[in-house]
Each structure stands twice: as structure tokens, then as C-alpha cells.
Amino acid sequence: MDERKGRAVTGTYAHAAGFIAGDRPKIVTSRFEYADSHTLERYLATDGYKGLRAALARPAADVHEEVKNATVLGRGGAGFPAGTKWGLMPQGNFPRYLVVNGDESEPGTYKDRLLMERDPHQLIEGCLIACYAAGLTRCFLYIRGEMATAQERVAAALNEAYAAGYVGRNILGSNFSVDIVLHWGAGAYVVGEETALIESLEGNRGMPRLKPPYFPAAIGLYGQPTIVNNVETLANLPWLARNGAEAYTAIGTKTSPGTRMVAVSGHVKRPGVYEIVNGTTTFRDLLYGDEFCQGIRNGNKLKAFVPGGGSAPWFLPDQLDLPFEASQVGPAGSMLGSGAIMVMDETTDIPHAALTLTRFYAHESCGKCTPCREGGTWLERILTRIVEGNGTDADLEQLIEVGTSICPGDFPHASSERLGLGAVPFPYKMTTICFVGPSAYAPVNSALTLFPEEFAARVTTRNRIPVTAVGGE
Amino acid sequence: MSRLTDTNVAIANEIIARYPRPKSALIPLLHLSQEQNGYVTDAAMKHIAELVGVTPAEVLGTASFYEMFKFEPVGKYVINICGTMSCALMGSEELLHHAEHRLGIKAGGTTADGLFTIEHAECQAACTEAPCLQVNYRYRFRMTPQQLDALIDDLAAGKLAEEIPPHGTLARVRQHIPADRSVGAVPPEAPGQEPAWMNGKAAL
Ligand SMILES: Cc1cc2nc3c(=O)[nH]c(=O)nc-3n(C[C@H](O)[C@H](O)[C@H](O)COP(=O)(O)O)c2cc1C
Ligand code: SF4
Ligand code: FES
């Protein structure tokens with residue numbers, strides 16, 4: 001049997017099902033077609049650890065420069081270029097750490113788990129290149145608690161890599177030494193926020209730290225300079241080290257080079273995880289293209305889609321022709337976030353769909369700031385009431401009032417020809433420490449703004465009773 | 001016996017040694033205790049506190065933040081049904097109701113025979129394979145109520161024992177750093193000093 005086909009989704013491989021290959025450039029998914037893609041043997045047979053060798057053959061600063069020139073945008077959500085981030089660390093303060101963010105749990109997002117289960121050595125090699133280039137002396141690879149198979153695969157790969165001399169003391173006989181320590185969580189979405197990740201890694205409750213400092217680059221793990229990078233960001237580095245920045249930037253656009261992994265879920269014919277060309281691929285390509293999702297299920301009409309993970313304001317069919325380019329998606333009222341698109345067809349009950357996201361964020365609030373802790377719960381309760389048919393029109397105002405206490409001012413939203421509505425650009429103002437609070441409001445605001453009629457049809461109109469005395473109503 | 005066994009204490013000490021500060025090992029150690037006992041017991045938390053050098057209250061403080069830690073016995077098989085948007089769009093609510101009906105318990109509850117717990121879970125990073133669930137953190141994708149029935153039958157009959165260990169066991173492969181390859185939790189350089197390879201020259 002051809003080892004490249006047929007076996008990939010049987011047996012234990014079922015864990016990582018969902019990836020759909022195609023005739024496109026592959027930077028991070030090139031080995032996914034092999035059933036044994038997670039083994040050192042396969043890795044070495046397919047250019048494995050050649051990027052590390054190429055990097056070690058140059059001074060660290062040169063490798064750092066190469067990563068800067070390639071503009072490797074962070075794939076964890078914020079899209080900050082990795083090379084630039086590494087340059088934010090203060091000079092002369094060691095030890096400094098790399099913390100790998102493998103906590104993937106933003107609603108709709110599915111890519112880091114694939115990368116960890118299917119190609120753990122690629123991630124390990126990426127960590128090594130980052131540590132070498134940025135002078136990071138210890139690496140902690142934090143995998144989400146619920147991902148048992150990813151933990152097994154990465155542990156096995158680390159054991160192989162240590163035994164073969166790729167990780168640890170004097171790597172490949174050089175003066176480069178770094179340990180990679182596998183760490184795993186225990187179930188808390190907010191821990192994906194980088195300062196919460198650090199708190200969790202220190203053995204604490206996983207609550208985000210107060211800002212400033214805005215980046216843990218200056219003060220991070222154990223108070224030392226720390227780089228937090230996403231799994232996919234780091235997985236790009238072996239290819240980059242082998243092929244150079246010029247080859248990397250030849251794919252995609254100048255501002256969004258390379259590829260990115262995108263998960264499309266919901267009401268499409270062929271949901272899946274795709275490695276797409278960054279910057280040029282449009283949402284229409286993805287949702288309707290033959291090599292991608294092939295259209296909406298049952299030939300239905302598209303109603304709306306979430307373009308960048310559960311935190312992102314929603315888009316309408318009006319926005320389908322936007323490319324995967326932050327500089328265009330932002331002004332259009334949303335963000336690319338974590339490469340997760342959730343598609344709703346015409347049969348979708350919009351208030352109910354919004355509730356499934358708001359409930360998520362309300363549930364995941366760590367409780368550190370009041371607008372998120374209280375506001376999230378309020379939003380969830382009011383929305384539940386509306387969805388169950390017990391809401392009033394005063395509830396709709398209340399939703400906006402609570403939302404405005406989390407995010408003062410105009411909240412970003414898409415334009416709609418149907419409603420004669422212009423876009424409010426991303427980002428928003430916020431009263432909370434991290435984005436969990438605003439994320440609880442984002443689906444509510446999008447649903448209310450873009451589909452007001454679905455709420456109006458749902459609630460009972462009731463005149464407010466004027467409060468005239470203490471204890472009235 | 002719910003303090004850690006000698007074997008597990010050895011594993012715990014190996015884990016603790018990887019971190020510059022022992023408290024960092026708390027979550028891995030809590031998992032280890034849950035693997036041993038099926039849930040996190042008070043005695044285990046006291047023992048972990050001793051091993052890590054913090055108070056038992058600090059251990060509880062950390063443990064109680066994280067949903068995977070259970071402080072009372074749960075079913076041998078914990079079935080987490082995802083209810084976040086992608087799964088909801090594809091019918092997860094029906095799946096959860098079916099599970100509740102079939103097992104005669106509500107989400108959060110455990111069957112009287114101690115075999116099953118069902119939970120309403122949040123996004124499991126498998127959104128393209130919706131609706132999905134995990135049994136003791138092992139996935140099942142694109143589930144129908146019929147497939148859920150078959151899964152419950154198989155679990156009850158012990159047919160999946162090899163693939164799905166009892167609740168508490170997470171990864172069955174542990175990292176092991178050989179002593180002669182390890183750099184150590186604290187780098188060899190004096191604090192503040194640049195690592196050896198940052199000398200402006202190629203390492204190889
Ligand atoms: C609430 C919240 C959750 C997050 N979850 C994740 C996550 O699961 N994985 C991730 O890589 N980044 C997540 N991030 C972004 C991280 O804070 C951080 O920006 C990222 O890991 C940096 O890596 P990158 O620069 O390589 O993208 C989250 C941010 C917030 C505010
Ligand atoms: S916004 Fe919510 S999750 Fe974030 S720190 Fe505040 S309370 Fe915690
Ligand atoms: S929404 Fe269910 S796995 Fe993501």
C-alpha cells in the first residue's frame with residue numbers, strides 16, 4: 001500500500017483528522033500525508049533538522065535577521081512579527097526563556113493540535129532555531145491539558161530528539177545548548193493569553209497579568225525576559241531556515257508573507273483545515289473554491305461567518321471578497337485572529353448562535369476584572385432569556401449597555417448593503433485586562449447589529465414602568 | 001492510599017527538577033495524582049505541597065482554577081461533549097440531550113454504577129469535525145446519536161480499554177531527559193551572562 005495515502009485517517013490517526021491537502025505551497029504541512037509523519041525516522045528522511053544545521057552554521061544574530069526579513073507574523077491571534085518581538089528583549093539580562101503557546105482553545109481554531117500531533121519534530125526544530133537566534137536559554141512547551149495525544153506525540157518526539165543529540169547539551173556537538181521541557185495545562189481557555197500562560201507555568205491560577213508591561217519580553221517567566229510564540233509561528237522556522245527569507249516572502253504578499261493554516265467549520269460542504277497562501281486567498285476562495293470548502297451545505301445561502309475565531313466580529317456575504325490580509329480585514333470591521341472561520345447558512349438561528357460563543361467567554365472569564373466577570377454573565381443570561389423566548393425589548397438595550405461597559409464607544413462591525421450600514425473598523429476600546437471580556441460581547445454586538453430583525457421578532461415589547469418610588473416594580 | 005506512591009514520587013521529583021522553581025511542577029503533579037487516584041484527593045494535595053515546598057492551600061488554590069481537576073470521584077469514563085459554536089451549528093445540543101437521556105443523568109452528573117460522567121465541554125480544537133466529543137480526552141468526531149449509543153455500549157463492554165485508559169490518565173508517554181544530555185533547570189552561565197553561542201560566531 002502506498003504509505004503516502006490511505007492510512008492517514010485510520011487508527012490512532014483519527015485523532016488528527018480534518019486536514020485537507022491541496023496543490024498549494026506547503027510550508028508547515030508537507031509531511032502530513034505520511035502516516036508516520038510524527039516519527040524521527042520520517043522527519044529525517046524529509047529534510048528534518050536540516051534547518052537547524054543551516055541555522056547553527058551562521059551566527060545567531062544572522063538567523064535572527066533572516067527571521068526579521070521574512071516577516072513571520074505571529075499565528076496565535078495578534079499577528080505580531082516574530083523577529084521584531086524577539087528584538088524587544090532587554091540586552092544583557094539572562095537567563096531568558098521561550099514559552100511555546102500550545103494552548104489552542106479559541107472557538108473555531110484547529111491547527112496547532114494538528115501540527116503537534118502530526119509533525120512534532122518540526123515544532124521542536126522551530127523551538128531550537130528560535131532559541132538559537134534569540135539567545136533563549138530554556139524552552140517550555142505548554143500544551144493544552146485536554147490534548148492527550150498531542151502530549152504523547154510531543155513527549156515521544158522529544159525523547160527521540162534528546163537521544164539523537166538534537167536537543168539538550170551541546171546540540172550536534174556545538175556550543176548551543178538548550179533543554180525543551182514539555183509542560184501541560186489542565187483546562188482553562190484564558191491560559192492561552194500569554195501572561196496567563198506564564199502564571200500557569202509558574203504553578204499559579206492562570207490569570208492574565210496587569211499591563212503594562214505589554215509584552216513579557218521584558219518581564220516574563222520568573223520575572224525574566226520571555227518570548228511567547230504560537231505553535232504554528234515556530235513551525236514555520238525550519239522551512240525558513242532551509243530556504244531563506246527570500247523564498248518565504250515569495251509566497252503570499254509583502255505584508256502577509258508565507259502561508260497560514262485556516263480551519264473552516266460550520267455549514268460548508270467540506271469543512272477542514274487548509275494551509276492557504278497568506279494575503280491573497282479570499283474568504284470567497286475558501287468558502288466556495290473547489291480546492292477548499294466547495295460551497296455551503298445543501299446549496300444553501302450563506303448568512304454570516306466569523307472570520308477569525310470566536311472573538312472576531314462577524315462578516316456578511318458582503319465581505320466575501322476580502323483577502324487574508326490584516327490591513328484590509330481590520331478596516332472592514334473584524335480581525336484575522338487565529339485562522340478560524342465559522343460559517344452560518346440561512347437556516348441559522350442568529351441569537352442562538354451568538355449565545356454559543358457568549359456562553360463560552362462568560363464561562364471562561366477568570367474573574368479578575370469586574371466588567372468581564374459580571375458583564376459576561378449578564379450577557380449570557382440576558383441572551384439565554386431572549387433565545388428561550390422570554391426576553392423583552394428592554395433586554396436588547398440592556399445587552400448594549402452591558403457591552404458598552406466592557407467596550408466603551410463604537411464596537412467594530414461589518415458594513416451591510418442590505419441594512420445601509422457602514423463599517424466600524426477594528427479595534428475597540430476596552431475596560432478589561434485581556435480580551436475575554438470584549439470577546440463575550442463581540443458575538444452579541446455582531447448579531448444585534450447585523451440581524452436586528454431576528455431579535456425584534458424574538459422579544460416581547462413592553463413599556464417600561466417608570467420607577468416612582470423606592471421598591472417600585 | 002491517596003498520597004503519591006513511591007514510583008510516582010520518583011516521577012514527581014524528575015518533573016520538579018526541570019523547573020527553576022519547583023512550584024512550576026504543580027499542574028503536572030496534580031495530573032499525576034489524578035492518574036493514580038482518579039481524582040485529586042486532599043491527601044495528595046498535602047503530599048504535593050510537601051514535594052513542591054508550598055502550603056496545601058496554595059496547591060488547592062491553583063488546582064481549583066482548572067477544570068480538568070476533579071475533587072470528588074467521577075465516572076471511569078468522562079464524556080465531554082463540545083457545545084461551542086461550530087459543534088452547536090452541527091447539532092451538539094441534540095447529542096448532549098441524547099447522552100443525558102440514554103444515561104439517565106444530567107450534564108455534570110455520574111451514573112450510579114460509577115462508569116460514566118457527562119459534561120458540557122467547550123471548544124476542543126476539532127471544530128471542522130463537529131459535532132465532536134472526548135472520552136477521557138480521546139476524541140470522537142462527527143458524532144451522531146447512534147454512534148454515541150454504540151460508543152457507550154463499547155465502553156461499558158470494556159471493548160475500548162486499550163485505547164481509552166480510565167479517567168485521570170492523560171498522556172501515556174512521559175518525557176524523560178537523560179542526565180547526560182540535560183542542560184539543567186538553571187543555565188550554567190552566571191546570572192546575567194550571555195549564553196555561549198551568542199558570541200557572534202557560528203555554532204557549527
Ligand atoms: C484570551 C486569549 C487567549 C489566547 N489564546 C491563545 C492560544 O490558545 N494560543 C496562542 O498561540 N495564542 C493565544 N493567544 C495570544 C497570545 O496571548 C499570544 O499573543 C501569542 O501566543 C503569541 O504568539 P505569536 O506571536 O507567535 O502569535 C490568546 C490571547 C488571548 C487574549
Ligand atoms: S478580561 Fe476576563 S478573563 Fe481577562 S483578565 Fe479580566 S476577568 Fe480575566
Ligand atoms: S466548537 Fe466544538 S471543537 Fe471547536
Side-chain angles (χ1 to χ4, degrees), chain A residues 15 17-18 56-60 92-95 104-105 107-110 113 132 135 137 145-146 148 151-152 155-156 158-159 162 168-169 172 174-179 181-182 184-188 201-206 222 263 265-267 271-273 310 342 344 353 356-357 360 363, chain B residues 18-21 23-28 30-31 52 61-62 65-69 83-86 88-90 122-130 134 137-139 141 170-178 181-184 186-187 189 191-198 200-204:
Chain A
H15 289 287
L56 296 191
R58 305 167 63 188
N93 189 354
F94 294 89
E104 182 170 65
S105 34
T109 314
Y110 172 28
R113 184 169 67 81
Y132 179 71
T137 43
E146 292 94 333
Q151 293 157 23
E152 286 177 356
L158 279 171
N159 291 346
Y162 263 100
R169 200 186 297 170
L172 300 174
S174 74
N175 64 358
F176 172 48
S177 301
V178 71
D179 277 330
V181 175
L182 173 60
W184 58 109
L201 187 49
E202 290 183 357
N204 302 326
R205 295 168 76 82
Y222 313 122
S265 59
H267 299 154
V273 185
M342 293 179 276
M344 294 168 259
T356 65
L357 285 176
F360 173 92
H363 180 224
Chain B
R18 293 179 197 152
Y19 300 94
R21 295 187 193 166
K23 195 183 177 192
S24 282
L26 265 189
I27 291 177
L30 285 159
H31 277 301
V52 172
T62 293
F65 187 79
Y66 299 94
E67 274 170 48
M68 289 174 73
F69 296 130
T84 312
M85 185 184 246
S86 308
L89 289 172
M90 299 304 283
E122 301 288 9
C123 182
Q124 300 174 333
C127 321
T128 63
E129 309 310 298
Q134 291 184 319
Y137 308 106
R138 269 78 187 168
Y139 286 95
F141 299 134
L170 215 47
R172 285 159 300 183
V173 181
R174 290 187 211 282
Q175 180 181 18
H176 173 68
I177 305 181
R181 295 280 321 126
S182 169
V183 184
V186 180
E189 292 85 10
Q193 196 189 326
E194 290 207 324
W197 70 90
M198 297 297 279
K201 297 195 194 109
L204 268 184

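Quick caveat, the model's predicted, so the values are computed rather than measured. Every chain is numbered from 1, with letters handed out A, B, ... down the list of sequences.
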Nearest heavy-atom neighbours spanning [X] and [Y]:
| X | Y | result |
| --- | --- | --- |
| B/H31 | A/A186 | NE2-CB, 3.6 Å |
| B/A125 | A/E104 | CB-OE1, 3.6 Å |
| A/Y162 | B/Q175 | CE1-NE2, 3.7 Å |
| A/S105 | B/C123 | O-CB, 4.2 Å |
| B/L89 | A/G266 | CD1-CA, 4.2 Å |
| A/S265 | B/S86 | OG-OG, 2.8 Å |

[Y] side chain reached by [X] side chain, heavy atoms, under 4.5 Å:
| X | Y | value |
| --- | --- | --- |
| A/D179 | B/V183 | yes |
| B/K23 | A/N204 | yes |
| A/S174 | B/W197 | no |
| A/E202 | B/Y19 | no |
| B/Y139 | A/R113 | yes |
| A/E146 | B/E122 | no |

Which atoms of [X] approach chain B - backbone, side chain, both or neither, heavy atom under 4.5 Å:
| X | result |
| --- | --- |
| A/L182 | both |
| A/R58 | backbone |
| A/S177 | both |

(Q) If the condition is salt bridge (charged side-chain N to carboxylate O under 4.0 Å, His left out), which residues does B/R18 pass it with, not counting sequence neighbours? (A)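 Here the qualifying residues are B/E14.
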Just so I understand: if I count every heavy-atom pair under 4.5 Å between each of [options] and chain A, which residue has the most?
| options | answer |
| --- | --- |
| B/P191, B/G184, B/P178, B/G200 | B/G184 |
| B/L30, B/I177, B/V52 | B/I177 |
| B/A25, B/G83, B/A126 | B/A126 |
| B/P20, B/P28, B/A171, B/A202 | B/A202 |
| B/E194, B/M90, B/H176 | B/E194 |
| B/L170, B/V186, B/L26 | B/L170 |

Heavy-atom contact with chain A under 4.5 Å, split by part of [X]:
| X | answer |
| --- | --- |
| B/A130 | neither |
| B/R174 | backbone |
| B/M198 | side chain |

Among [options], which residue has the highest count of heavy-atom pairs closer than 4.5 Å to chain B?
| options | result |
| --- | --- |
| A/G272, A/A188, A/G310 | A/G272 |
| A/G108, A/P59, A/P271 | A/P59 |
| A/A353, A/A156, A/A263, A/A148 | A/A148 |

Q. To the nearest 0.5 Å, what is the distance between CD (B/Q124) and OH (A/Y110)?
A. 12.0 Å
Q) What distance separates A/H363 NE2 from B/T84 OG1, expressed to the nearest 0.5 Å? A)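 Rounded to the nearest 0.5 Å, the NE2-OG1 separation comes to 9.5 Å.
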Q.
With no hydrogens and no angle check, just 3.5 Å: does a side-chain donor-acceptor pair link A/Y222 and B/S24?
A.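 B/S24 and A/Y222 do have a side-chain donor-acceptor pair below 3.5 Å.
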Q.
Given 3.5 Å as the limit, does a donor-acceptor pair link the side chain of B/Y66 with the main chain of A/G145, or not?
A.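 Not a single qualifying donor-acceptor pair exists.
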Q. Under the side-chain hydrogen bond (donor to acceptor under 3.5 Å, both in side chains) test, which residues partner A/E152, sequence neighbours left out?
A.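 In terms of side-chain hydrogen bond (donor to acceptor under 3.5 Å, both in side chains), with neighbours along the sequence ignored, A/E152 is linked to B/R138, B/R172.
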